[in-house]
*Asks:* 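Just passing along the structure, written as structure tokens.
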Amino acid sequence: MKVLVINCGSSSLKYQVIDSDTEGVLAKGLCERIGIDGRLVYQPAGGDKEITDAPMPTHKEAVRMVLDALVNEKTGVLKSLDEVEAIGHRVVHGEEKFRESALITDEMIKTVESCNDLAPLHNPANIIGINACRELMPNVPMVGVFDTAFHAHMPAKAYMYGIPYKYYEQYKVRRYGFHGTSHSFVSKRAAELAGKPYNNLKTIVCHLGNGASISAVENGVSVDTSMGLSPLEGLIMGTRSGDIDPSAIEFIAKKEGWDISRAVQMLNKESGVDGISGVSSDFRDLEAAAAEGNERAQLALDMFCYRVAKYVGAYTAAMNGVDVIAFTAGIGENTKIVRQGVCDYLTFLGITIDDEANNVKGEEKLISTPDSKVKVYVIPTNEELAICRETVEIVKNSR
Ligand code: ADP
């Protein structure tokens with residue numbers, strides 16, 4: 001089955017066409033600057049990247065350009081759009097209403113809209129992308145795959161906050177967690193690589209990208225995760241603070257004369273390793289600056305590793321043990337010193353890292369030594385493939 005996978009942001013649209021039988025990517029790319037001017041990046045498998053500047057006032061024009069590129073006589077990968085049998089859409093927030101991926105219907109879209117409050121930047125963009133595809137390809141079945149769904153089976157003791165219960169009842173304030181598609185994909189792959197049954201394994205997944213989160217996956221279920229009501233909680237990230245004493249927000253806001261939104265903007269956009277180092281949110285820049293003796297860049301790296309290691313310790317306790325740790329996403333897949341820096345705190349678990357193996361970048365690899373008590377892997381995430389697999393399953397089951 002050929003599946004179009006769509007991931008819409010407010011001014012962007014990433015896409016891939018995947019043949020689910022071979023799991024090969026037939027074409028991929030993105031539309032950028034939607035609503036500003038418009039640019040299509042298109043790359044067929046084995047071919048060169050093409051860049052086309054063209055007006056894209058809305059996501060509908062962007063989807064149309066993607067579809068045209070896919071059936072283009074010279075560089076297209078499909079003879080006709082009829083070959084697309086299903087479309088899988090990434091949707092960020094499914095609240096408590098979506099615990100699994102779901103077939104997209106009018107009613108389903110209304111329910112997603114009712115979750116917009118909790119993801120005001122992401123969900124509306126996801127819905128715009130869904131509607132654009134429905135208009136242009138009304139007969140193709142579509143599936144919504146939620147970032148929150150994999151974490152929707154956490155126990156209440158993990159997802160509740162220590163605030164009056166009525167705020168959960170009235171406003172559904174609780175931990176939801178994000179990057180679920182990645183945590184699910186990587187934890188499943190970790191079980192395969194370790195040669196252990198997924199439903200009888202304790203895995204900690206460290207998804208370390210610009211946004212970073214960590215999850216405890218016990219017997220195939222996410223039992224805890226570091227992001228919360230929003231993607232601000234947990235690890236120190238590129239520009240996000242992660243965990244902080246909430247009183248600091250009031251304290252700084254009063255000093256600066258800010259309202260709450262301005263303070264939260266500081267926590268989302270001006271904090272993290274960027275705010276600490278004053279150098280960059282990008283770990284390549286931080287590593288280079290630290291190597292040249294920049295102390296704040298070094299501090300940012302140290303704080304990042306320390307926070308990840310503390311969560312690994314906490315989640316080991318949450319599961320009363322850990323069999324496998326997996327590093328994924330931009331930093332997890334590429335940054336040796338972060339993996340080493342985290343694992344240096346974990347020797348008490350009997351973890352030892354093979355320095356040579358840990359040189360890996362962007363490839364699946366066991367980086368722990370044969371005698372390490374916990375297997376540690378680098379596993380590149382592939383959210384598009386995970387969305388494709390979910391989409392195929394839901395569409396086949398709905399027939
Ligand atoms: P997101 O999807 O959250 O935007 P990614 O998973 O793409 O994030 O990760 C982006 C981050 O990964 C970059 O900000 C950078 O810090 C880090 N990164 C990417 N490639 C490398 C690399 N080759 N070496 C070190 N860090 C890298």
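Counting starts at 1 for both ligands and their atoms, in listed order. Index from 1, following the sequence. Any value given below was found using the heavy atoms of this structure, including those in side chains, with hydrogens, waters and symmetry copies removed.
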*Asks:* Return the closest protein heavy atom for atom 25 (C) of ligand 1 as residue, atom name and distance.
*Replies:*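 Among all protein heavy atoms, the one nearest atom 25 (C) of ligand 1 is Thr335 OG1, 3.2 Å.
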*Asks:* For atom 22 (C) of ligand 1, what's the nearest protein heavy-atom neighbour? Residue, atom name and distance, please.
*Replies:*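 Its nearest protein heavy-atom neighbour is Asn334 CB, 3.3 Å.
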*Asks:* What residue and heavy atom of the protein are closest to atom 4 (O) of ligand 1, and at what distance?
*Replies:*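 Here the closest protein heavy atom is Asn210 CB, 3.5 Å.
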*Asks:* Should we count CD of Glu192 as having more than 12 external heavy atoms under 6.0 Å?
*Replies:*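 Yes, because the 6.0 Å sphere around CD of Glu192 holds more than 12 heavy atoms from other groups.
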*Asks:* Hey, does the Lys NZ or Arg CZ of Lys254 hover above the aromatic six-ring of Phe251, less than 6.0 Å from the centre and inside 45° of the axis?
*Replies:*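 Relative to the ring axis of Phe251, which defines the angle, Lys254 lies outside at least one limit.
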*Asks:* Considering non-hydrogen atoms of the protein only, which is the closest contact for atom 15 (C) of ligand 1, and what is the distance?
*Replies:*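 Its nearest protein heavy-atom neighbour is Asp282 OD1, 3.5 Å.
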*Asks:* Any atoms of ligand 1 less than 4.0 Å from a non-hydrogen atom of Ile331? List them with their elements.
*Replies:*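 In order of numbering, the contacting atoms are 12 (O), 16 (O), 17 (C).
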*Asks:* Among protein heavy atoms, which lies nearest atom 24 (N) of ligand 1, and at what distance?
*Replies:*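 Looking at atom 24 (N) of ligand 1, the protein heavy atom closest to it is Arg284 CG, 3.4 Å.
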*Asks:* Is atom 9 (O) of ligand 1 in close reach of the protein, with a heavy atom under 4.0 Å away?
*Replies:*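 Within 4.0 Å of atom 9 (O) of ligand 1, protein heavy atoms are found.
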*Asks:* Output the list of atoms in ligand 1 that are nearer than 4.0 Å to some heavy atom of Gly209, sorted by atom number.
*Replies:*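 Near Gly209, the atoms of ligand 1 are 5 (P), 6 (O), 8 (O), 9 (O).
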*Asks:* Any chance NZ of Lys202 has more than 12 other-residue heavy atoms, nucleotides or ligands included, within less than 6.0 Å?
*Replies:*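 Enclosed: over 12 neighbouring heavy atoms sit under 6.0 Å from NZ of Lys202.
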*Asks:* Any heavy atom of Gly211 sitting closer than 4.0 Å to ligand 1?
*Replies:*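 Yes.
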*Asks:* Would you please say whether a donor-acceptor pair under 3.5 Å links the side chains of Glu270 and Thr239?
*Replies:*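 Thr239 and Glu270 do not have a side-chain donor-acceptor pair below 3.5 Å.
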*Asks:* Is any side-chain heavy atom of Ser182 closer than 4.5 Å to one of Thr328?
*Replies:*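 Contact flag for Thr328/Ser182 side chains = yes.
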*Asks:* What residue and atom, counting heavy atoms only, is the protein's closest point to atom 18 (N) of ligand 1, and at what distance?
*Replies:*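 The closest heavy atom on the protein side is Gly330 O, 3.6 Å.
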*Asks:* Show, in sequence, the C-alpha distance, side-chain angles and deciding distance for Phe146 and His93, and conclude whether the ring pair (Phe, Tyr, Trp, His ring centres under 6.0 Å) test is met.
*Replies:* CA-CA 6 Å; Phe146 296 86; His93 215 306; 9.1 Å; no
*Asks:* Minimum heavy-atom separation for Val63 to Ala132, with atom names?
*Replies:*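 Distance-wise, the nearest heavy atoms are CG2-CB, 3.8 Å.
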*Asks:* Please assess Gln170 against Tyr165 for the test side-chain hydrogen bond (donor to acceptor under 3.5 Å, both in side chains), listing each intermediate value before the final yes or no.
*Replies:* CA-CA 9 Å; Gln170 287 174 3; Tyr165 195 79; over 6 Å; no
*Asks:* Within the structure, does at least one protein heavy atom fall under 4.0 Å of atom 6 (O) of ligand 1?
*Replies:*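 There is a protein heavy atom less than 4.0 Å from atom 6 (O) of ligand 1.
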*Asks:* Hey, which atoms in ligand 1 end up nearer than 4.0 Å to a heavy atom of Ala329?
*Replies:*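 Matching atoms, with element in brackets: 6 (O).
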*Asks:* Under a 3.5 Å cutoff, is there a donor and acceptor pairing between the side chains of Asp344 and Gln340?
*Replies:*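 Their side chains do contain a donor-acceptor pair, which is all the 3.5 Å distance test asks for.
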*Asks:* Starting from atom 16 (O) of ligand 1, which protein heavy atom do you reach first, and at what distance in Å?
*Replies:*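 Checked against all protein heavy atoms, atom 16 (O) of ligand 1 sits closest to Phe283 N, 2.7 Å.
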